[in-house]
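Notes to accompany the following structure.
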Amino acid sequence: LFGYVGIEAVLEQMKLKTIKAGFEFNIMVVGQSGLGKSTLVNTLFKSKVSRKSCTANYEEKISKTVKLHSVTHLIEEKGVKMKLTVIDTPGFGDQINNKNCWEPITTYINEQYEKYLREELHVNRKKRIPDTRVHCCIYFLPPTGHRLRPIDVEFMRRLGTIVSIVPVIAKADTLTIEERLEFKERIRQDLASNGIHVYPQKEYDEDPEEFILNERIRGNIPFAVVGTDKEHNVNGNNVLGRKTKWGIVEVENVAHCEFVNLRDLLIRSHLQDLKDVTNNVHYETYRVQRLNESNM
Ligand code: GDP
Ligand code: MG
């Protein structure tokens, strides 16, 4: 019917637009203090995704018990700009009585949806609404080698409906190979038997190709991660690692731990999907609920 019109040029246009505009990506880390959350955040920034980046720090006071602290880095790779923000939540579940300890976290997440919604409802909408919504919540499990604790179940069950949760096993260098495999398997069983939905969820797989990729990830979660803020010399190369009496655990070595799997999931393979799920599923649920209750 038509001759060649060159529709594929749209790809180049889309790319240029994204490059010019840049994009925001917001990750939250949650877990008990001492599990290595802050260290892992540093590892993420220090590792290859962001060797050259600049920092901006600010603190946001939410409540006395949980003070959220976010760090934003502007990362530029091959001309593409990403504003990566990590929200650190010190001390989740540190109290003797942990009743409602997830509240400051749910409040924060919902506040960001509310902010976004208000911007959308403005008569004069901004050309680009600043996006502070939490695109992913990394939940740190202590490396006990046992099972999910009631507090883990409670947290993930509640938060799983408002944000994409990626559970990880913290300080995985403390587990032997068998302990690690068995712990991972037990956690997957516990997640399933408690009806907890973690990212990536089957319901949102869009095509068979994505299904196959995501099945592999679902069969391998929770990633057993190790963090560090130090570099060591291994065979003439500077590597991020933890030096112990019995050797160096290399954080970016897939034979040693699954930090790279986590980083690849977050940055390389699923970044856009995490943003889409946040916008199309979690934010949408919030929006519909709010508009219904207030008849806006
Ligand atoms: P946070 O309270 O969860 O932010 O934990 P931190 O990042 O402050 O780490 C607490 C302690 O654990 C520090 O001494 C870290 O050096 C150590 N640590 C952090 N990550 C790891 C890890 O992957 N393995 C081990 N063995 N220790 C870690
Ligand atoms: Mg910390």
Side-chain angles (χ1 to χ4, degrees), residues 26-50 55 57-73 84-96 98 101-102 104-105 108 134 136-146 149 151-152 155-156 159 165-177 179-181 183-184 187 221-232 234 239-266:
N26 309 314
I27 301 172
M28 180 185 247
V29 293
V30 179
Q32 258 169 21
S33 60
L35 284 182
K37 296 183 298 299
S38 305
T39 308
L40 196 86
V41 170
N42 288 333
T43 316
L44 202 58
F45 284 128
K46 274 197 171 181
S47 69
K48 281 176 195 124
V49 267
S50 58
T55 332
N57 276 0
Y58 63 91
E59 284 197 11
E60 198 159 342
K61 227 181 168 156
I62 293 288
S63 82
K64 276 176 206 147
T65 44
V66 181
K67 201 163 57 164
L68 304 181
H69 171 82
S70 66
V71 183
T72 300
H73 284 221
L84 178 60
T85 298
V86 181
I87 305 125
D88 199 347
T89 61
F92 171 81
D94 283 352
Q95 311 299 316
I96 291 174
N98 286 310
C101 62
W102 45 82
I105 294 162
Y108 180 86
V134 179
C136 174
C137 172
I138 305 177
Y139 186 73
F140 285 66
L141 298 162
T144 59
H146 296 170
R149 302 163 307 166
I151 193 173
D152 303 324
F155 179 86
M156 288 191 275
L159 273 285
I165 297 182
V166 174
V168 299
I169 298 171
K171 297 187 171 181
D173 52 318
T174 59
L175 298 168
T176 66
I177 299 168
E179 284 164 353
R180 189 166 116 176
L181 282 172
F183 191 33
K184 281 171 66 128
I187 291 170
I221 59 151
F223 295 135
V225 298
V226 176
T228 185
D229 37 30
K230 294 207 171 58
E231 290 188 31
H232 297 281
V234 176
V239 298
L240 285 166
R242 302 187 69 83
K243 190 172 181 173
T244 68
K245 287 272 191 195
W246 51 91
I248 293 176
V249 186
E250 297 168 36
V251 167
E252 292 175 281
N253 184 339
V254 287
H256 291 194
C257 78
E258 297 170 327
F259 169 77
V260 169
N261 302 62
L262 175 69
R263 189 187 64 198
D264 280 353
L265 175 81
L266 296 176

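First listed ligand is number 1; within each ligand, the first listed atom is number 1. Since we're looking at a predicted model, the values are computed, not measured.
At a threshold of 4.5 Å between non-hydrogen side-chain atoms, the residues C136 and L266 count as touching. Side-chain contact between R242 and D173 is present, with at least one heavy-atom pair separated by less than 4.5 Å. You'll find the side chain of V71 stays beyond 4.5 Å of the side chain of V41, heavy atoms only. Taking the side chain as every heavy atom from C-beta outward, W102 and L159 approach each other to under 4.5 Å.
Contact annotation: S33 places no N, O or S atom under 2.8 Å from the Mg ion (ligand 2).
Under a 3.5 Å cut-off, the side chain of T43 and the backbone N or O of G227 do not form any donor-acceptor pair. E258 places no side-chain N or O within 3.5 Å of a backbone atom of V225 that could act as its donor or acceptor partner.
When heavy-atom distances to ligand 1 are checked against 4.0 Å, the residues falling inside are Q32, S33, G34, L35, G36, K37, S38, T39, K171, D173, V226, G227, R242, ordered by chain and number.
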